[in-house]
Amino acid sequence: MKRLRRHSPSLALAIITLIGLIGFVDRIVVNALVEPLKAEFGLSDAQIGTLGFAYSTLNIVLGVVVARMAESRRRLTFTAVGTLLWSIAATACGFVNGWYQLLAARIAVGVGEAVGLPANQSLIADYYPPGRRATAMSVLLLAAPLGAFVGLAGGGYIAQIWGWRWAFIITGLPGILLAAIVWLFLQEPERGAHDALKDEQVPPIGTVIRRFVILPSARHLLIGSSLGSMVGFGMIAFLSALISRRFGLPVGEAGLTTALISSFPAALATIGGGVLADRLAPRLRASYALVPAIGLLLAAPLYFLAFTRSDFVPFVVFTSLAALVQFAYLGVTAGTLQNMMGSRMRATANALTNILGGLIGGLGPVLIGLLSDRLAATGLPSDVALGYAMCGGGLLSLWAAGHYFLAARTVANDLNAVREGTHA
């Protein structure tokens, strides 16, 4: 079996990105199925929002445990096993018979992803040198927007043709094959191969937390990205439902529209943000924070313009522009935070980032769902109520942008201190 395994950064990046893509498909496909699930089980918008939060809760807690284990063990084993587990759980969502079974199945998907995903950024960081990590992380994080496209468009059309149960089943199965490919063909990279300073011992989790605390830019990047996740998760959770309610599109067409106006622009933003920051960094190290800051600053008014439109074309244009600028923070932030960590701290750092991002990000759909229900109870049409609720969620990107602007003041000094080993 070992003879089949290759040390190829490009192959590893491609396969691990596909793993992340399938993981995001299995996470996001439920958002294309909001209307049929509500009709099947009589759910409210708040209950739909709770599905995402339930996924996040055990995912982030277990993710820390797995990450600590991955700092000293073969990380690709966790990737393969976790991918197999969540794929089975995602497929099982197609066989549920009630709200509580669906909730349990979604939690199980989160548990599987908690095993399979925390070590992936650490793996890519060891395949690529620091000067290429923002770009490599941006490619890795293309999994989110591309996975959203497949989950929303594919899931919506599968549901329209064969029913929502088959949407879960068909999107859940590919991960089983990918798990086998990871196990058979990828070779574990050497830890810290591209780092000037190598960690031979796994530091205590308190040391990793302290690294976030003592580096001002790391604190602000962490908070800013978590708030950005809150906005992103909230928008994607209800965008398909808003399109169906406001413009009368069936579930398949609403899912495809959602994918086109959010996933493609987000994919461009993710890779473009990482490449732009890496290109600017030799002359302007603050670009690692300024690129996300400017994008998030522009996103808020664009979301407001989008969700208050009653005409389809302006709605599509402004939503696409909002996604194009907002998601520039993803790859840049991941690469920068990995550069701020030691080689045996990165899986844990990623898991800790997911704790804050998962808890705060997972609240986005819940809060938007609750606000939508409250506004609808006042007599507003359901599409207007949901649109206003999503406008409120979009305003949080201004808060996120503020933290990135604060990070820009110290990010260059913090990266230098870590590289030279002079941080406290």
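Residues passing the side-chain hydrogen bond (donor to acceptor under 3.5 Å, both in side chains) test with Ser10 are Ser8, sequence neighbours excluded. Taking the side-chain hydrogen bond (donor to acceptor under 3.5 Å, both in side chains) definition, one finds that His220 meets it with His403, sequence neighbours left out. Scored by the side-chain hydrogen bond (donor to acceptor under 3.5 Å, both in side chains) test, Asp373 finds no partners at all (sequence neighbours excluded). In terms of the side-chain contact (heavy atoms from CB on, under 4.5 Å) criterion, residue partners of Pro204 (sequence neighbours excluded) are, by chain and number, Thr207. A search for side-chain hydrogen bond (donor to acceptor under 3.5 Å, both in side chains) contacts involving Trp166 returns nothing, not counting sequence neighbours.
With contacts defined as side-chain heavy-atom distances shorter than 4.5 Å, the pair Val325/Leu297 does not qualify. Counting heavy atoms from C-beta on, the side chains of Leu296 and Leu398 never come closer than 4.5 Å. Side chains of Arg285 and Asn413 form no contact here, defined as non-hydrogen atoms less than 4.5 Å apart. Asn120 is listed as a side-chain neighbour of Thr79, based on a closest heavy-atom distance under 4.5 Å. Two residues are said to be in side-chain contact when any heavy atoms from C-beta on lie closer than 4.5 Å; Leu123 and Pro189 meet this criterion. Within the 4.5 Å cutoff, the side chain of Leu290 has heavy atoms near those of the Phe405 side chain. Between Ile169 and Phe95 there is a side-chain heavy-atom pair separated by less than 4.5 Å.
Taken from CD1 in Ile16 to CD1 in Ile124, the straight-line distance is 4.0 Å, to the nearest 0.5 Å. Within the model, atoms CD1 of Ile22 and CG of Leu146 stand 11.0 Å from one another, a figure rounded to the nearest 0.5 Å. Note that CG of Leu396 is 5.5 Å distant from CE of Met230, once rounded to the nearest 0.5 Å. Rounding to the nearest 0.5 Å gives a distance of 5.0 Å between CH2 of Trp162 and CD1 of Ile170. One distance of note links CG of Leu186 with CG of Leu11; it measures 5.5 Å at 0.5 Å rounding. With rounding to the nearest 0.5 angstrom, the CG atom of Leu321 is 11.0 Å from the OH atom of Tyr303.
Between Phe41 and Trp164, the angle of the ring planes goes over 60°, which puts this pair in the perpendicular group of the 30/60° scheme. Using the six-membered ring where Trp is involved, Tyr404 and Tyr329 have ring planes that are tilted, between 30° and 60° apart.
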Report task. Go through the steps for Met235 and Ile368 under the test side-chain contact (heavy atoms from CB on, under 4.5 Å), then give the verdict. Result -> CA-CA 9 Å; Met235 298 302 138; Ile368 289 176; 4.2 Å; yes
Query raised in the report: Which is it for Tyr128 and Leu13 under the side-chain contact (heavy atoms from CB on, under 4.5 Å) test, yes or no, and what are the steps along the way?
Result: CA-CA 10 Å; Tyr128 288 89; Leu13 181 57; 3.6 Å; yes
Report task. Using the side-chain contact (heavy atoms from CB on, under 4.5 Å) rule, take Asn339 and Val418 through it: C-alpha gap first, then chi angles, then the decisive distance, then the call. Result -> CA-CA 8 Å; Asn339 283 342; Val418 170; over 6 Å; no
Query raised in the report: Checking side-chain contact (heavy atoms from CB on, under 4.5 Å) for the pair Ile261/Ile243: CA distance, chi angles, key distance, verdict?
Result: CA-CA 11 Å; Ile261 67 178; Ile243 291 171; 4.1 Å; yes
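Note on residues 213-231: no pairs pass salt bridge (charged side-chain N to carboxylate O under 4.0 Å, His left out), not counting sequence neighbours.
Around atom CZ of Phe304, no more than 12 heavy atoms belonging to other residues, nucleotides or ligands sit under 6.0 Å away. Residue Tyr388 places its OH atom among 12 or fewer non-hydrogen atoms of other residues, nucleotides or ligands, all under 6.0 Å distant.
Put simply, the side chain of Thr378 gets close to the backbone of Leu375: a donor and an acceptor are under 3.5 Å apart. Panel note: side chain Arg309, backbone Leu305; a donor-acceptor pair is recorded below 3.5 Å. With hydrogens and angles disregarded, no donor-acceptor distance shorter than 3.5 Å links the side chain of Arg27 to the backbone of Gly147. Using a distance-only test at 3.5 Å, with no hydrogens or angles considered, no donor-acceptor pair links the side chain of Glu253 to the main chain of Leu249. Within the 3.5 Å criterion, the main-chain N or O of Leu142 finds no donor-acceptor partner in the side chain of Thr270. A donor-acceptor pair under 3.5 Å links the side-chain atoms of Ser287 to the main chain of Ala277, judged by distance alone.
With respect to Asp383 and Arg246, a salt bridge is recorded, a charged nitrogen being found less than 4.0 Å from a carboxylate O.
Gly175 and Thr83 get closest at one heavy-atom pair: O-CG2, 3.2 Å. Contact between Leu221 and Tyr288 at its shortest, heavy atoms only, is CD2-O, 4.4 Å. Here the shortest heavy-atom pairing between Ser372 and Ala389 reads N-CB, 3.7 Å. Gly172 and Asp26 get closest at one heavy-atom pair: CA-OD1, 3.6 Å. Between Ala400 and Gly228, the shortest heavy-atom distance links the atoms CB-N, 4.0 Å. Contact between Gly394 and Val231 at its shortest, heavy atoms only, is CA-CG1, 4.2 Å.
In summary, of the residues considered (Leu18, Thr77, Ile19), a side-chain contact (heavy atoms from CB on, under 4.5 Å) with Val182 occurs for Ile19 alone.
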